[in-house]
Number of protein chains: 2
Amino acid sequence: MDTNHRIRELINRIARLDAAHSWEGDLNPAQRGALEYLVLANMYSRAPSHVAEYFGTTRGTMSQTLKVLARKGYISEESSKSDKRSISYTPTDAGRALVSVSNPIAVAFNSLIPDEQSELENALRHGLQLALKVNGGQSFGLCKTCKHYDPQGINGFCNLLSVSLSESESNKICVEHKEVASGAS
Amino acid sequence: MDTNHRIRELINRIARLDAAHSWEGDLNPAQRGALEYLVLANMYSRAPSHVAEYFGTTRGTMSQTLKVLARKGYISEESSKSDKRSISYTPTDAGRALVSVSNPIAVAFNSLIPDEQSELENALRHGLQLALKVNGGQSFGLCKTCKHYDPQGINGFCNLLSVSLSESESNKICVEHKEVASGAS
DNA sequence: TTTAAATAATATCGACTCGATACTAAATAC
DNA sequence: GTATTTAGTATCGAGTCGATATTATTTAAA
């Protein structure tokens, strides 16, 4: 049993403990995860296929979860004008309220000293990046760390989508995010 | 969105990616988790209720998962002589073979530099301890870090169960584990 | 331009998870 | 010697999940 197996085991166990709490309040862990993603994602990243890729699951599976979430009234469906095949989900006020409640796992990690917290976040993020590289998955980061981000104008500009970004958009998760080459090996 | 929420989000996302891989080879994530636990746990810690507590789920749910695992031939059931209500599961050779295959997530974290790995492990373990304290759950650690551990004899002695430990036993997970008071706040 | 191939979302299927509830049997308390 | 606790299960209903197949729609190629 080496270090990386123990790390994986710890991550899985903490996630499972979190999942156990996650049942409170009309949602199951998969639904809660999807809803939390939708709250954090920008308007170009809220299609079923995007949520599916974020969680490493299939479109079919995520499609069902999102339909349930919509039926429960926590997200609303909106079809795209430019591509009639595409749809996008937006959290409702009820949905936003649900994800904003305090969480025991987050509270526990809040008790770590700040240095430990930031070390932990960086190491997890780094490990995730490496895992995604193996999988060929997208990084789903924020505009400001993206190679398509151009800090022109008030809140920057996306060179890939050719749009000016609003304050809130540039602080959200994007499917198209490509980590700008840095120290990450 | 503060640091501890981002940490929780990262942990959940990595676990979900791991779960997606976990479907390979005749097992689903819950079954694989339970099997992995049973491989690591000592002989006093392999009852359905122990596995259930480890993962923060109910006895009923875990009972079903273990029955499936037994039906598939990856674990074998054994009833206790001292307490006729109790049973204990032991991984079969087929079960052990299944959990020893290399894992993409573990491989990814293996690429972190050693310092980063140990920092990560410690911080996760610390966070988990704090989360368990809130939950009132058991720590499920190894004998050597347990307050019931007495380093007498060849491989030590357990003061709680009043038994001499074998080499392999003292390196396994135990339900009765109580973290010896240390720097953990 | 008209077929061909790729893409987005969904429906359906079967095995299984999961919490909740109710139950049996055995051990422990009083 | 009865009451209560504890260990494990069966059963239920909603939902996950991968697999597969299907429908629209878009894009590429001939």
Side-chain angles (χ1 to χ4, degrees), chain A residues 12 15-35 37 44-72 74-75 77-89 138 175-176, chain B residues 12 15-35 37 44-72 74-75 77-89 138 175-176:
Chain A
N12 280 153
R16 215 164 261 277
L17 252 33
D18 185 67
H21 286 290
S22 195
W23 286 88
E24 287 156 31
D26 200 27
L27 292 181
N28 68 34
Q31 291 163 8
R32 187 175 297 274
L35 182 56
Y37 169 83
Y44 312 109
S45 311
R46 292 197 225 108
S49 53
H50 300 152
V51 195
E53 198 192 345
Y54 184 77
F55 287 119
T57 186
T58 60
R59 292 196 306 278
T61 296
M62 191 49 69
S63 185
Q64 296 173 75
T65 297
L66 294 173
K67 289 284 169 196
V68 173
L69 232 30
R71 184 159 49 71
K72 288 183 177 175
Y74 298 125
I75 57 177
E77 189 178 324
E78 196 180 340
S79 54
S80 162
K81 277 112 181 72
S82 57
D83 185 338
K84 285 178 187 167
R85 297 169 305 175
S86 297
I87 63 173
S88 181
Y89 285 100
Q138 293 286 92
V175 230
E176 306 292 354
Chain B
N12 280 154
R16 217 162 259 275
L17 252 31
D18 186 67
H21 287 291
S22 194
W23 286 88
E24 289 157 30
D26 200 26
L27 292 181
N28 68 33
Q31 291 162 7
R32 187 174 297 274
L35 182 56
Y37 170 82
Y44 312 109
S45 311
R46 293 196 224 106
S49 53
H50 299 153
V51 196
E53 198 191 345
Y54 185 77
F55 287 118
T57 185
T58 61
R59 293 195 308 275
T61 296
M62 191 48 70
S63 185
Q64 296 173 76
T65 298
L66 293 172
K67 289 284 169 199
V68 173
L69 232 29
R71 182 159 51 70
K72 288 183 177 177
Y74 298 124
I75 58 178
E77 189 178 323
E78 197 181 339
S79 55
S80 163
K81 277 112 179 73
S82 58
D83 186 337
K84 286 178 185 164
R85 294 169 308 175
S86 296
I87 62 173
S88 181
Y89 286 100
Q138 292 286 94
V175 229
E176 304 293 353

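Lettering of chains follows the sequences in order, A, B, ..., and the numbering in each one begins at 1.
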Starting at atom [atom1] of [X], determine the distance to atom [atom2] of [N], rounded to an integer number of angstrom.
{"X": "B:Phe55", "N": "C:dT17", "atom1": "CZ", "atom2": "C1'", "result": "14 Å"}
{"X": "A:Leu27", "N": "C:dG19", "atom1": "CG", "atom2": "P", "result": "14 Å"}
{"X": "A:Asp83", "N": "C:dA6", "atom1": "CG", "atom2": "P", "result": "17 Å"}
{"X": "B:Arg46", "N": "D:dA7", "atom1": "CZ", "atom2": "P", "result": "18 Å"}

Distance (rounded to the nearest 0.5 Å) between [X] [atom1] and [Y] [atom2]:
{"X": "A:Lys72", "Y": "A:Lys67", "atom1": "NZ", "atom2": "NZ", "value": "15.5 Å"}
{"X": "A:Met62", "Y": "A:Leu69", "atom1": "CE", "atom2": "CG", "value": "9.5 Å"}
{"X": "B:Asn12", "Y": "A:Asn12", "atom1": "CG", "atom2": "CG", "value": "10.5 Å"}
{"X": "B:Asp26", "Y": "B:Gln31", "atom1": "CG", "atom2": "CD", "value": "7.5 Å"}

Task: Minimum heavy-atom distance between A:Tyr74 and A:Leu35, given as atom pair plus value - done: O-CD1, 3.9 Å

Open item on the list: Could you report the tightest heavy-atom contact between B:Ala19 and B:Pro29, atom names first, then the distance?
Closed with: O-CG, 3.6 Å

- [ ] Let me have a per-nucleotide readout for nucleotides 9-22 of chain D, 5' to 3', with B, S or -, counting only protein heavy atoms under 4.0 Å.
- [x] B-B---SSBB----

Task: Residue mapping more 5' on DNA chain D - nearest nucleotide basis, A:Lys81 or B:His50 - done: B:His50

- [ ] Look at the side chain of A:Arg85 against the base of C:dT7 and say whether a donor-acceptor pair falls under 3.5 Å; ignore hydrogens and angles.
- [x] yes

Open item on the list: So B:Ser82, base contact, sugar-phosphate only, or nothing? Heavy-atom distance under 4.0 Å.
Closed with: sugar-phosphate

